[in-house]
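Read through the structure below, which is laid out as structure tokens, and then see the notes.
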Protein chains: 2
Amino acid sequence: MTDATTDFEPAPEPLPDSGRDGAAQRAGALQLAVSTVIFALRTDDRFGAQGAMPTLWLPLVRRIREPFEGRWALPGGPLQTTEGLADAARRTLGDTTGLAPRYLEQLYAFGDVDRTASGEPGAARVVSIVYWALVGSDEAARATVGQNVRWFPADELPGLAFDHNLIVDYALWRLRNKMEYSRIAHALLGETFTLAQLREVHEAVRGKRLDPANFRRAMESSDALVDTGERLTGTPHRPPKLYRYDTSVGLVDTGPLPHP
Amino acid sequence: MTDATTDFEPAPEPLPDSGRDGAAQRAGALQLAVSTVIFALRTDDRFGAQGAMPTLWLPLVRRIREPFEGRWALPGGPLQTTEGLADAARRTLGDTTGLAPRYLEQLYAFGDVDRTASGEPGAARVVSIVYWALVGSDEAARATVGQNVRWFPADELPGLAFDHNLIVDYALWRLRNKMEYSRIAHALLGETFTLAQLREVHEAVRGKRLDPANFRRAMESSDALVDTGERLTGTPHRPPKLYRYDTSVGLVDTGPLPHP
DNA sequence: GGAATAGTGTCTATAAGACAGTATGCA
DNA sequence: TGCATACTGTCTTATAGACACTATTCC
């Protein structure tokens, strides 16, 4: 794992953070970066609450350079000439969290001329191609943290660098929409899960309680669940069935595009 | 209007088609281009059929340079450092067709490392941010054409340059999906239109006949139609009402993103 | 009046949601 | 036995589609 980097690093060639006066640094230069909004489900244990609902969290990286030095930003970095866009997203995701995504999708390309302007003139222009990713709850629990990497609740973010608040808002909007008509909720869980856990994911993301009976029927008719034959033990009451995601069905319909 | 250009032009600075040995031309360089898939509704008059159904057409530009010299490609060009991404799409759209879009949306960023490789090595890598656009049928009728710009039926395209066939397929997929849950169909018509015309748009794009009665109800309940009080005369039979699109309602829901 | 399209009414199939009720494990 | 959760059944309501019917204009 290399150092975590954020969007808008000036080094265009081989290694991130190498030189800060490359050819692309000249005035009017246009840089291409890839950033990723990484979502995971976490149970807020700040108050030690036991049966607390899990909520959406995401890791941010503290900027160690102007502009926006000291502000939190999305993990990312310049696109290497030998890697694809999704590869770059996967790489910065791994650099930041040590994790691999269970779901990865391109979100949007942000390229307003003044989006990297922090006030002082002369800043280079950066076009950021942003991805969003989901990581499983079991892996997310052992994600790396450090001085410059911290997880935040998705709905309690501080003022971020650049236009990254808007980017996260858009990623959240997309996630919530997609949650209603696709099967991506599975990507936020572990290998096996109960129907109650799957329902909790939907409730946490969509922000409202769902009827257990109707939810069960909706999931059963989607043909995405495989009964493992096992049950989750250790619960205080009747043990629920454990399911596995049917990997023969894609999480989403990407149309003519190949899956990333 | 300047000359029409396609994706992957090597000139990075002020004017398209100026110099072909700029700094970005060096080995391993990474270029950023913006291309646009432009849709319009046209009645195929190649066979002189009178009451023929309108179908989807799109303009392509013939490449006058290697790689893929002579092949048809999407209109586009390098991103200028002083314009936004949507501005670049609008600009190349105007350069190619002389038109302004009634609807414009970012489609996807294509950036596979080998997407610009035509066989011979040494080609620079290009990341293309692709937009898709809809132009009204009245304007589309007076679109400019030329030796190197030609309109094609969207479902009878030849083998295009680069990965442009995939891009068009994806744009078509997105258009068809969005046609079912948004009001973009209006953007393919003129200022005023009849319900039958609006239904023909849906039928042409979605590729199946729709029940006039049910379609009428669906449109009336969408609150996007304004009765102009006028009727379309000159029809052989009962004259239908003319409607106008209610511009106080957006064509689509873009979430937190500003409309382009 | 006939023909053709504009426009209305109504029935059915399907899906989404509300909610009562049964089943099963542990304290 | 009580209780909490797993799981099932059924009713209501909203919606999409099929299709019969009336209305109006030009020829």
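No experiment lies behind these values; they were computed from the predicted model shown. Residue numbers start from 1 in every chain, and the chains themselves are labelled A, B, ... in the order their sequence lines are given, proteins ahead of strands.
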Practice task
Give every residue pair that meets the ring-ring contact (aromatic ring centres under 6.0 Å, His included) criterion with at least one member in residues 207-229 of chain B, sequence neighbours excluded.
Solution key: His202(B)-Phe215(B)
Practice task
Just grab all the ring-ring contact (aromatic ring centres under 6.0 Å, His included) pairs involving residues 216-245 of chain A, residues at least two apart or on different chains.
Solution key: His186(A)-Tyr245(A)
Excluding sequence neighbours, so at least two apart, what forms side-chain contact (heavy atoms from CB on, under 4.5 Å) with [X]?
X         : result
Asp112(A) : Asp114(A), Arg115(A)
Ala218(A) : none
Asp246(A) : Val226(A), Ser248(A), Val249(A)

Problem - Proximity to DNA chain C (any heavy atom under 4.0 Å), residues of residues 231-239 of chain B only - result: Arg231(B), His237(B), Arg238(B)
Handout entry: Contacting residues from residues 183-195 of chain B, given that a heavy atom lies under 4.0 angstrom of DNA chain C
Key = none
Handout entry: Qualifying residues under side-chain hydrogen bond (donor to acceptor under 3.5 Å, both in side chains), relative to Arg42(A), sequence neighbours excluded
Key = none
Handout entry: Glu139(A): partners by side-chain hydrogen bond (donor to acceptor under 3.5 Å, both in side chains), with sequence neighbours left out
Key = Arg102(A)
Euclidean distance, atom [atom1] of residue [X] to atom [atom2] of [N] [Å, nearest integer]:
X         : N       : atom1 : atom2 : answer
Leu210(B) : dC19(D) : CG    : P     : 15 Å
Phe215(A) : dC7(D)  : CZ    : P     : 13 Å
Asp227(B) : dG7(C)  : CG    : C1'   : 13 Å
Met219(A) : dC7(D)  : CE    : P     : 15 Å
Glu220(A) : dG9(D)  : CD    : P     : 10 Å

Problem - salt bridge (Lys or Arg N to Asp or Glu O under 4.0 Å): pairs with one or both residues in residues 168-178 of chain B, sequence neighbours excluded - result: Glu105(B)-Arg174(B), Glu105(B)-Lys178(B)
Exercise for the section: Answer yes or no: is there an ion pair linking Glu191(B) with Arg244(B), defined by an N-O contact shorter than 4.0 Å? Expected result: yes
Problem - Pair Trp72(B) + Phe152(B): ring centers closer than 6.0 Å - result: yes
Scan the side chains in residues 250-260 of chain A for donor-acceptor partners under 3.5 Å anywhere in the protein, sequence neighbours excluded, and list what turns up.
unit_1	atom_1	unit_2	atom_2	d
Asp253(A)	OD1	Gly255(A)	N	3.0
Thr254(A)	OG1	Leu257(A)	O	2.8

Exercise for the section: Can you check each nucleotide of nucleotides 10-17 of chain C against protein heavy atoms at under 4.0 Å and return B for base, S for sugar-phosphate only, - for none, in 5' to 3' order? Expected result: B------B
Handout entry: Of the listed nucleotides dA6(D), dG7(C), dG9(C), the one nearest the side chain of Arg216(A)
Key = dA6(D)
